[in-house]
S.K.: 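Before anything else, here's the structure in question.
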Amino acid sequence: MTSESGFPCGVRIAGTGSAVPQKVLTNSDLAEMMDTSDEWIRKRTGIAERRVCTPGKESAFTLQRDSLRRALDDAGMKGSDLDLIIVASVTSEMTCPSNACRVATALDAAPAGAFDLVAACSGFVYAMNLADTLIRSGRHKAIGVVGCDAMSSVLDYSERSVSILFGDAAGAAVLVRDDDPNKGSIYQTIQADGESWPSLFLPRKEEDIPPDSPDVPVEIGKLRMEGRDVYRFAVSKFKDVIEDAMESTGLTVDDISQFICHQSNVRIIESAKEKLGLPDEKVYVNIERYGNSSAGSVGLCLDEIRRDGKLKEGETIMFVAFGGGLTWSSSVWNL
Ligand code: UT7
């Protein structure tokens, strides 16, 4: 927990940015493509519309690049000021090279280190925690963290119970070393349990599908999800993760100014709010406009909240996410 000079250091969010595709896909648009309705989707998920990439023009890479460029602009920094870029995504175009390497090149960040991190919807919070730890170790000074998924590239729009939920988005943060050791993540968890992985997965070939998986009419290469299983996991994990962070830090709801949560389904968020007594104004929700953008959602919320002027120096916020893997992660963060 020291800087290069040997003194303890903290971590500051120097800038944030986000990027979403131009094209809006409404519930009514989906109702023309499959047997669903605006009413069903709003009631079961809280989603009215989502953004989807236009192939050939936008992609996971362009969203990742643009969100980090905006975060750098917000911080008043250049790509060459970064010494590491972490891109959390399950929809990067290729596994080699990582999209982080391509983003680094596009932003003139070489020779900054660059890698992709795969933790599905938990990816942005995993990456924020990792970046915080690397900066505190004294080995890194400035890290660009991106959470992004272009879910439209892995959805089978003939499967109504999965495809209506997701959208495309990216959120980014530039984290820098700060002399105040109290700034940054004061408590964090990065956790997973692979036992239930078949409840949410992206098979590349037929053999990837476990023999006891339900026989669903979803193409290979497209997302498969047991919605009800994931729903049950998310509802209990959301509550447990926040309770664990509160107990471990001794903080109460009154001490946290914002809970910045993965936008999975508004019913999941409402259930956590009710069980934990979280007031509306402390739990930001934008799922109505963007759907569930997997690793993109927490960073997108962070950027919108920050640009609204709702985050103030000296305040404490909490990041919470959970998703495929199954994975989950939290971070209590002093601004
Ligand atoms: O980001 C982290 C990972 N993902 C999540 O957190 C997602 C968690 N799960 C969910 O959000 C919900 O399970 C969904 C929104 C995906 C699905 O909602 P649900 O209330 O769990 O619906 P269901 O799949 O249990 O289906 C209930 C009924 C079924 O009809 P019957 O069998 O009761 O007659 C479905 O066929 O609703 C039907 N249905 C639909 N009807 C209209 C399923 N999808 C649709 C649809 N439109 N799009």
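When a residue number appears, it is its place in the shown sequence, counting from 1. Read the numbers this way: they start at 1 and go in the same order the structure lists the ligands and their atoms.
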S.K.: Going by an N to O cut-off under 4.0 Å, is there a salt bridge joining Arg70 and Asp73?
M.R.: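 Judged by the 4.0 Å cut-off on N to carboxylate O distance, Arg70 and Asp73 do not form a salt bridge.
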S.K.: With Lys57, which residues qualify under salt bridge (Lys or Arg N to Asp or Glu O under 4.0 Å), at least two apart?
M.R.: none
S.K.: Sort out the contact shell of ligand 1: every protein residue with a heavy-atom distance below 4.0 Å, listed by chain and number.
M.R.: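 These residues qualify: Asp35, Thr36, Trp40, Arg44, Thr45, Cys121, Arg160, Ser161, Ile164, Leu165, Leu200, Met225, Gly227, Arg228, Val230, Tyr231, His262, Ser264, Asn265, Arg267, Ile268, Asn292.
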S.K.: Do Asp303 and Ser18 meet the criterion of a side-chain donor-acceptor pair at a distance under 3.5 Å?
M.R.: yes
S.K.: Strictly by modelled atom types, are Tyr187 and Ser248 linked by a side-chain donor-acceptor pair under 3.5 Å?
M.R.: yes
S.K.: For the CD1 atom of Ile85 and the CG atom of Asp116, what is their distance to the nearest 0.5 Å?
M.R.: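 The distance works out to 10.5 Å.
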S.K.: So with a 6.0 Å cut-off around CG of Asp180, is the heavy-atom count from everything else above 12?
M.R.: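 It does: Asp180 CG has more than 12 such atoms within range.
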